[in-house]
Trainee: 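Dropping a structure here in structure tokens format, bear with me for questions.
For the single chain, residues carry numbers from 1 onward in sequence order.
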Amino acid sequence: MKSDASIHILSPRLANQIAAGEVVERPASVVKELVENALDAGSTQIDIDCESGGIGRIRIRDNGVGIHADELPLALSRHATSKIVDLDDLEAVSTLGFRGEALASIASVSRLDLISAVEGEAGSKVSVEGREMEPSVESSAHPRGTTVDVRDLFFNTPARRKFLKTEKTEFGHIDTVVSRQALSRFDVGFRLVHQGRVTRQLPPALTENSQMERVAALLGRGFMDAALPVDSSAIGLSLRGWACRATFNRAQADCQYVFVNGRIIRDKLISHALRQAYRDVLFHGRHPCYLLYLELDPAQVDVNVHPTKHEVRFRDSRLIYDFLLRSVSRVLAADRPDQVLGQEQENPSNGIQAEAQQIQSGIRFPESRSIDSLDVLSQLTRPVETSQPLEDASQEIPPLGYAIAQLHGVYILAQARDGMIVVDMHAAHERITYEALKRALDDRGLVSQPLLIPTTMHVSEQEASLVEETTELFGQFGLGVQRVGPETVRIEHVPAILRQASHEDLVRDVLSDVAEVGTSDRIVEARDHLLATMACHGSVRANRQLTLSEMNALLRDIERTERSGQCNHGRPTWTALSMHDLDRLFLRGR
């Protein structure tokens, strides 16, 4: 700061341009703010017309309620809004825009025309250029609704304009913004035009099928083919949408959409909960895909914690975390082969060969060591119910069909209702064993074991206070941790199954999670990692020759086991080739 600088009030023009730096980062920011205003106005159709990547021109037209002529100049003033009146409104915001800065900020860095009409009025217009002139109202014919015409963005702030990318890149950001808004409001139609060419034409999607078509158009057909419907509710909470199977994943977290009360957000708590939901089924280094809509009381979420409103803060973050984790985990766990194959159990066109009609009589593998007193691996060698062989072609065929051969001691080949199934027998049995181990341990509960010599560890004062505040929570994890000094805690109990783990690292990880999201899955994660290792060693190995009865028993176990589509490491356990796939492979019918 200059030594001779005196304190003074910023000019309104400079104050607006500084405020614009928070709201208007690039042309896509303008589109986002104006589309949100159009949605708040009750529009059912929004048209976005861009030129030169939005740098030259952005014109957005809606059919909402419109703005009265005498309110048009006021709409361009800072802190002018129709959406909140007092503090109570701010504590339960139900609209997308509410700060009253968007139009004023956009007007301060562009040439802007605002044209609007309410029901029964002819229409009016105001124009400004960088807020260097007082807007005056003039008549302008316009149907009910509002048009905002923004030209020459950043014409009076060249330093900002030079940081923009190419027109193609900037329009790509606009397309992303429009796509996200279209995903948030199926009841609204969107039309996006660039350089006179229509790039998005999305009519209102009022039925479930039309909504799925819109999602497929915006996120790709592959997304919908792999999508599992989510529909869960709890006290005051509702979650719906789609979570994709783990086999449909990405190298980047660029296909993850979560809307909270209609507003797209990026939140660490939500991302962490959903990542944990996929923990058991996703291949390492990959990211899941989902499109989810969380609805809750607006008073339970604070959307006013970030200038761009991308981040939120929940009053009860632990409740939200648990609700999301359990809802999505339940959907992924319930995904069975009959759903993946779209099995409707129709009568087959021809019978399964006699050799493939062997019926399961129980699959038994060598005994493995138990966990403490839990002889859970040996419990897996249970008898499986038997039935009579198929006597005619009208009998229902299981989703994975019946085994016909074993290939190189690694894969099981099965004939299904419509094609062929190939199963990685080790990966499949690994998942079956793993889920059985988890069920057995969950039935007994997480047993805590006292340490013969308690471990004392040094932590920060904040972490020590957190231990003191959440002693009961640590107890639920099977951890007995007490604060014994300003920066010292003592570990007295640990989960019995994790007695060989690094206790200090475990406690530090739990503290980190609790500080960030209000709860932790580290204990369950560490437990599951140990069980996964045991399941791997306790599962049938490659080159083990199985009888047809054993192979069929394994197929039936896959069909009733949760998350059986992937092994514990996220690799697929089976794949299907339909008759159509096989005919195409061999050029049949050409």
Trainee: Do Thr247 and Phe283 make a side-chain contact, defined as non-hydrogen atoms from C-beta onward lying under 4.5 Å apart?
Mentor: no
Trainee: Run the salt-bridge test on Arg279 and Asp528 with the 4.0 Å N-O cut-off and return the result as yes or no.
Mentor: yes
Trainee: May I ask you to test the Ile235-Phe323 pair for a side-chain heavy-atom distance under 4.5 Å?
Mentor: no
Trainee: Considering non-hydrogen atoms only, spot the tightest contact between Gly409 and Met425 and give its length.
Mentor: O-CE, 2.8 Å
Trainee: Can you confirm whether more than 12 heavy atoms, excluding those of Tyr411, are under 6.0 Å from its OH atom?
Mentor: no
Trainee: Stepwise, does the side chain to side chain donor-acceptor pair (under 3.5 Å) test hold for Tyr278 with Asn249?
Mentor: CA-CA 11 Å; Tyr278 278 89; Asn249 52 63; over 6 Å; no
Trainee: Give me the ring orientation class for Phe259 and Tyr293: parallel if the planes are under 30° apart, tilted from 30 to 60°, perpendicular past 60°.
Mentor: parallel
Trainee: Among side-chain atoms of His194 and Glu167, is any donor-acceptor pair under 3.5 angstrom?
Mentor: no
Trainee: Apply side chain to side chain contact (heavy atoms under 4.5 Å, CB included) to residues Val230 and Tyr290 and explain how you reach the verdict.
Mentor: CA-CA 10 Å; Val230 178; Tyr290 45 77; over 6 Å; no
Trainee: Check this for me, if you would: do Glu435 and Arg439 make a salt bridge, where the nitrogen-to-carboxylate-oxygen distance has to be below 4.0 angstrom?
Mentor: no
Trainee: One thing to verify: whether Asp505 and Arg508 come together as a salt bridge, which I'm taking to mean a side-chain N less than 4.0 angstrom from a carboxylate O.
Mentor: no
Trainee: Who passes ring pair (Phe, Tyr, Trp, His ring centres under 6.0 Å) against His503, sequence neighbours left out?
Mentor: none
